[in-house]
Amino acid sequence: MQCGGAEKPFKGLSRHGTSITVLKRGVNETLPVSWRFTETPYNVPMPESKPLVAVIMGSKSDWDTMRNAVETLDELGVPNEARVLSAHRTPDATAEFARSAADRGLRVIIAGAGGAAHLAGVIAAHTWLPVLGVPIQSKLQGLDSLLSTAQMPGGIPVGTLAIGEAGAKNAALLAAAILATSDDTIRQKLEAFRNKQAEAVLAAKLPT
Ligand code: RP5
């Protein structure tokens, strides 16, 4: 299998993060490109995974919604990080986060905000990474958040999900689907999630 122009060294590794030294046939070898373990061979320690997805929210008060994104990413085994950053209250820190995100190894950013929800758009303006916006339920039932997040002028896209918890969960599933186009382990986890969900629907019993 080819990945980024380099041949996959052996089963159980995928490309991510910095280069690592592994025990192969009893000999320490430094791999020519950056790979990380997706399975754990009995004789090789599991290196710490770098976050691939960032879950950003405009306020700590958004956590009850955005935790659904983090929990879904965790369930799918997608390495992630979460933090509060505000387009309005911490504009410099938000821009700095977005500008450095790709170089830190992040591949998708999920941004949840409520009210005049500019966070996802501001982040998208500072990075080429795909940005998924989650409109937080607000005093206007989240319609203000939805329109503020979705109605980006042409040129800087924000992929906007549904208002509230469903949107947060779906943002994580969509982030995983984006990563799954180049990561077989995440693809398998996503397929298993879908199968389990379908089984639960088919097994549903209605009250008699
Ligand atoms: C937005 O303002 C946040 O994303 C949050 O949804 C909303 C209210 O924030 P707090 O006043 O609760 O901190 O920036």
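Counting starts at 1 for both ligands and their atoms, in listed order.
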Taking only heavy atoms of the protein into account, state which residues are under 4.0 angstrom from an atom of ligand 1, in chain and number order.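 Contacts of ligand 1 under 4.0 Å: G58, S59, S61, D62, R89, A113, G114.
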
Kindly give the heavy-atom pair with the smallest separation between N68 and E165, and that separation in Å.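 That closest heavy-atom pairing would be ND2-CG, 3.3 Å.
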
Got a sec, which residues hit side-chain contact (heavy atoms from CB on, under 4.5 Å) with A93, two or more places apart in sequence or on another chain? L85, T90

Between [X] and [Y], is there a donor-acceptor pair closer than 3.5 Å when you use the side chain of the first and the backbone of the second?
| X | Y | result |
| --- | --- | --- |
| T160 | G133 | no |
| D62 | K60 | no |
| H88 | A116 | yes |

For R104, is there an ion pair with E81 - N to carboxylate O distance below 4.0 angstrom? yes

